[in-house]
Amino acid sequence: MYTVKQIKDTFLNYFEKNGHKIIDGASIVPENDPTLLFINAGMAPMKKVFTGEQEPQAKRMCNVQNCIRTIDIDSIGDRHHLSSFYMLGSWSIGDYFKEGAIHYAFELLTKGFNIPKEKLYVTVFSGDEKRGIPADNESIEHWKKNGIPESHIIRCGFEDNFWRIGGDHDAGPCGPCTEMFYDTGAEHGANYEETGIFDDKNRYIEIWNAGVFMEYYQDENGNYTKLKMKSVDTGSGLERMIMTLNGLESAYDTEVFLPIIEYLQNNSKNPVLESLRIIADHVRTSIFILNAGVEPSNVKRGYVLRRLIRRAIRHMRTIGLEDSKIPELLMLTMDNMKKIDLEPKWNYSKNEIVDKFMAEFAKFSKSLEQGVKAFNDYVKDENNIKGGKLDSKIAFKLFDTFGFPLEITKELASEKGLTVDEKEFNELFEKHREISKTEGTFKSGLADHSEETIKLHTATHLLQAGLRHVLGNHVYQRGSNITPERLRFDFNFERKMTPEEVKEVENFVNKAISDAIPVVREEMSLEDAKKTGAIGLFTDKYGDRVSVYTIGNISKELCSGPHVNNTSELKHFRILKEESSSSGVRRIKAVVEN
């Protein structure tokens, strides 16, 4: 059986022996590259090398690079899709080209890793007449020369076998590519040679991109010209490679995941295989992202992390994993990374990473139970289902009220035989964001829609609850102004607060923060809102439908949003000053701190 270490060493030693310099892998968070959330390929940190903007460390290089891709998140749980993986990569910058790359790939797989050539199939670029790019017949001839028969060569079009940086209007180097696939056998599907159908989802597993041949330059208008310097980028997924070389059913049967899968099986009440795999994958990727210094949030990298953690939590609930076992699972995952020689450079202690994960767990776990119950109630109403689709407004409500990433709602819907229209959901999301920006400025006293401002906005709800708790229920808000730096909150009260009262209010808010209480939004009629005991300013100015934000049994207010999903996101609350605003009205200035 091949180990991860053996595969890494065989790969690096082979290319080093053939004149390649071994270089370090980069951080998964790109440096000075706003086009990427995460490093998603071995060549991503070296894009400027291929464009000629940066000098390469050597003309021939190789490394092992940690990568993150969430484009296939819906496929995770099958045999080989992962949200994070290690890429074995090699590069030629203005040195050897197609002949050399194909020879190295074939020799390494057949001699270095002892794969029978009969098991190998390759794809090549078939050309694109519209774009004026010819077929890559040169690569076909090199494959034949190395021993791949014509019957094992599949010609594919532009979308499958032509690499470029972005779309039709993204300038940069580009070119055809040729990929290598391993035949996993008849038990996984029909034979290509007999059917003419190349099943690259089940039977034939891609194990190597033997070469992206960068010989063209695409300009902003989608025109292609030949580059003066030709380069090669290759890559192979380490986890797929260890699965293939050991003849295993899936990547989750390898030493990368097997100890985690076994732990989940032994500690769950309902060990559904797909859920076990999703948890193992998402926990590992979340650890990588947390270690890179990313915090869960609702934007960019933070949202990717939040999606992964919350989806993992949802499947932990599905298999019946006890909450107390989650820190053990995280520690086991990190210990296994070291054991198999895939340990990243730790930027935080393992305990700190566990704490970060569990903080997000605390924010979402209660909302998850409430949200699943609400979902089940929604699907019982036939008015919420049309043509096998769940009403997109329901999907958005689950996101807005319970913090459900769309992926969770899609999974819940799929289990009921339903789909969700992602386009409609995204339209609702954008519409809500624009409305929230406007309402935030003119109704809620927010200066902007930043994460810091949203935290302070939520803090005003807790502050009002604390003031009413300490000073009496006759106290109400009389106005507010919120910027990313601080909140200003006016309330009716006839005298100056004592230092003891100020401290008691501050302690009340921080207790609510430490209790990690979900912030739940509901939409209802104004009349129903009043019946629930919700409080709010200027109720005569609200429309027929209102939003009510509830924070446990502490606060229930009419408000237009936006807010955090859980009080723990506020970290710590501190009152800076209590002073007079006008006759009978006092003013508090406060901040939230990390």
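FYI, side chains are in, hydrogens and waters are out, and symmetry mates aren't considered; it's all heavy atoms of this structure. Nothing here was measured: the structure is a model prediction, and the numbers come from that model.
Closest heavy-atom contact between Leu276 and Ser268: CD2-OG, 4.5 Å. Taking each heavy atom of Leu37 and Pro30 in turn, the nearest pair found is O-CD, 3.3 Å. Nearest approach of Lys455 to Leu570, heavy atoms of both residues: O-CD2, 3.2 Å. Ser286 and Leu308 get closest at one heavy-atom pair: OG-CB, 3.6 Å. When all heavy atoms of Asp281 and Ser83 are compared, the pair lying nearest together is OD2-OG, 2.6 Å. When all heavy atoms of Ala280 and Ile260 are compared, the closest pair comes out as CB-CG2, 3.7 Å.
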>> Set out, in order, the CA-CA distance, both residues' side-chain angles and the distance that settles salt bridge (Lys or Arg N to Asp or Glu O under 4.0 Å) for Glu295 and Lys356, then state yes or no.
In response: CA-CA 8 Å; Glu295 298 283 341; Lys356 289 172 180 287; 2.7 Å; yes

>> Please evaluate residues Val505 and Glu578 with respect to the criterion side chain to side chain contact (heavy atoms under 4.5 Å, CB included), reporting the C-alpha separation (whole Å), side-chain torsions for both, the decisive distance (0.1 Å), and the verdict.
In response: CA-CA 11 Å; Val505 170; Glu578 190 272 350; over 6 Å; no

>> side chain to side chain contact (heavy atoms under 4.5 Å, CB included) for Met337 and Trp346? Distances and angles first, verdict last.
In response: CA-CA 11 Å; Met337 291 176 184; Trp346 295 114; 3.9 Å; yes

> Given the rule in the side chain to side chain contact (heavy atoms under 4.5 Å, CB included) test, do Ile454 and Glu569 qualify, once you have shown the distances and angles that lead to the verdict?
Replying inline: CA-CA 10 Å; Ile454 291 169; Glu569 295 179 50; over 6 Å; no

>> Apply salt bridge (Lys or Arg N to Asp or Glu O under 4.0 Å) to residues Arg311 and Glu411 and explain how you reach the verdict.
In response: CA-CA 10 Å; Arg311 194 166 185 242; Glu411 284 185 8; 2.3 Å; yes

>> Working note: Leu332 + Lys325, criterion side chain to side chain contact (heavy atoms under 4.5 Å, CB included); need CA distance, chi angles, decisive distance, verdict.
In response: CA-CA 11 Å; Leu332 173 64; Lys325 297 294 184 182; over 6 Å; no

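A side-chain donor-acceptor contact under 3.5 Å links Ser525 and Asp528. Using modelled atom types, one finds no donor on one side chain facing an acceptor on the other under 3.5 Å when comparing Thr419 with Lys389.
A donor-acceptor pair is defined here as one N or O able to donate and one able to accept, closer than 3.5 Å; such a pair exists between the side chain of Glu506 and the backbone of Ile575. For the pair Gln65 (side chain) and Ala26 (backbone), a donor-acceptor distance under 3.5 Å is present. Using a distance-only test at 3.5 Å, with no hydrogens or angles considered, no donor-acceptor pair links the side chain of Asn336 to the main chain of Leu342. Of the possible donor and acceptor atoms, one in the side chain of Ser514 sits under 3.5 Å from a partner among the backbone N and O of Lys511. Side-chain atoms of Arg284 come within 3.5 Å of backbone N or O of Ser84 as a donor-acceptor pair. Here the side chain of Asn566 pairs a donor or acceptor atom with the backbone of Lys363 at under 3.5 angstrom. A distance-only check finds no donor-acceptor pair linking the side chain of Arg478 to the backbone of Asn492 [under 3.5 Å]. Side chain of Ser349 to main chain of Glu352: a donor-acceptor pair is present (N/O by atom type, distance under 3.5 Å, no hydrogens or angles). Although no hydrogens or angles enter the test, the distance criterion places a donor-acceptor pair under 3.5 Å between the side chain of Thr567 and the main chain of Ala512. Judged by distance alone, with hydrogens and angles left aside, the side-chain atoms of Asn291 form a donor-acceptor pair with the main-chain N or O of Lys345 at under 3.5 Å.
No more than 12 heavy atoms of other residues, nucleotides or ligands sit less than 6.0 Å from atom NZ of Lys577. Within 6.0 Å of the NZ atom in Lys350, the count of heavy atoms belonging to other residues, nucleotides or ligands exceeds 12. Open room surrounds CD on Glu382; 12 or fewer heavy atoms of other groups in view lie less than 6.0 Å from it. For Asn553, the CG atom sits in a loose shell: 12 or fewer heavy atoms of surrounding residues, nucleotides or ligands are nearer than 6.0 Å. Residue Glu593 places its CD atom among more than 12 non-hydrogen atoms of other residues, nucleotides or ligands, all under 6.0 Å distant.
Side-chain contact between Phe357 and Leu290 is present, with at least one heavy-atom pair separated by less than 4.5 Å. Residues Gln464 and Phe489 meet the side-chain proximity criterion, which asks for heavy atoms closer than 4.5 Å. The shortest side-chain heavy-atom distance between Ile279 and Leu329 falls under the 4.5 Å cut-off. Here the side chains of Tyr476 and Ile535 are in contact, with some heavy-atom distance below 4.5 Å. Considering only heavy atoms from C-beta on, Met358 stays 4.5 Å or farther from Asp323 through its side chain. Within the 4.5 Å cutoff, no side-chain heavy atoms of Phe491 are placed close to those of Leu463. When side chains are defined from C-beta on, Pro45 counts as touching Ile39, because their heavy atoms get closer than 4.5 Å. A 4.5 Å side-chain heavy-atom check between Glu485 and Val591 finds every atom pair outside the cut-off.
With values rounded to the nearest 0.5 angstrom, Ile513 atom CD1 is found 10.5 Å from Lys571 atom NZ. With values rounded to the nearest 0.5 angstrom, Ile394 atom CD1 is found 8.0 Å from Asp381 atom CG. Atom OG1 in Thr458 sits 10.5 Å away from atom CG in Leu487 (nearest 0.5 Å). One distance of note links CG of Asp515 with CG of Asn510; it measures 11.0 Å at 0.5 Å rounding. Atom CD of Glu328 sits about 10.5 Å away from atom CD1 of Ile326, to the nearest 0.5 Å. Atoms CG and CG, on Leu418 and Leu412 in that order, are 10.5 Å from each other to the nearest 0.5 Å.
One finds no salt bridge joining Glu274 and Arg277 here, because no Lys/Arg side-chain nitrogen approaches an Asp/Glu carboxylate oxygen to under 4.0 Å. Between Glu407 and Arg310 there is no salt bridge, since no side-chain nitrogen of the basic residue lies less than 4.0 Å from a carboxylate oxygen of the acidic one. Looking at Lys393 and Glu523, no side-chain N of the basic residue comes within less than 4.0 Å of a carboxylate O on the acidic one, giving no salt bridge. A salt bridge links Glu415 with Arg314: the closest approach of a Lys/Arg side-chain nitrogen to an acidic carboxylate oxygen falls below 4.0 angstrom.
Taking the six-membered ring wherever Trp is involved, the centroid distance between the rings of His563 and His461 falls below 6.0 Å. Aromatic ring centres of Phe404 and Phe364 lie closer together than 6.0 Å.
The side-chain tip of Arg587 does not point at the ring of Phe493 from less than 6.0 angstrom away and within 45° of straight on.
Just one of Lys397, Glu424, Lys423, Glu422 meets the side-chain hydrogen bond (donor to acceptor under 3.5 Å, both in side chains) condition when paired with Ser392; it is Glu424. Each of Leu406, Val372, Thr409, Ile408 was scored for a side chain to side chain contact (heavy atoms under 4.5 Å, CB included) with Leu398, with one residue passing: Thr409.
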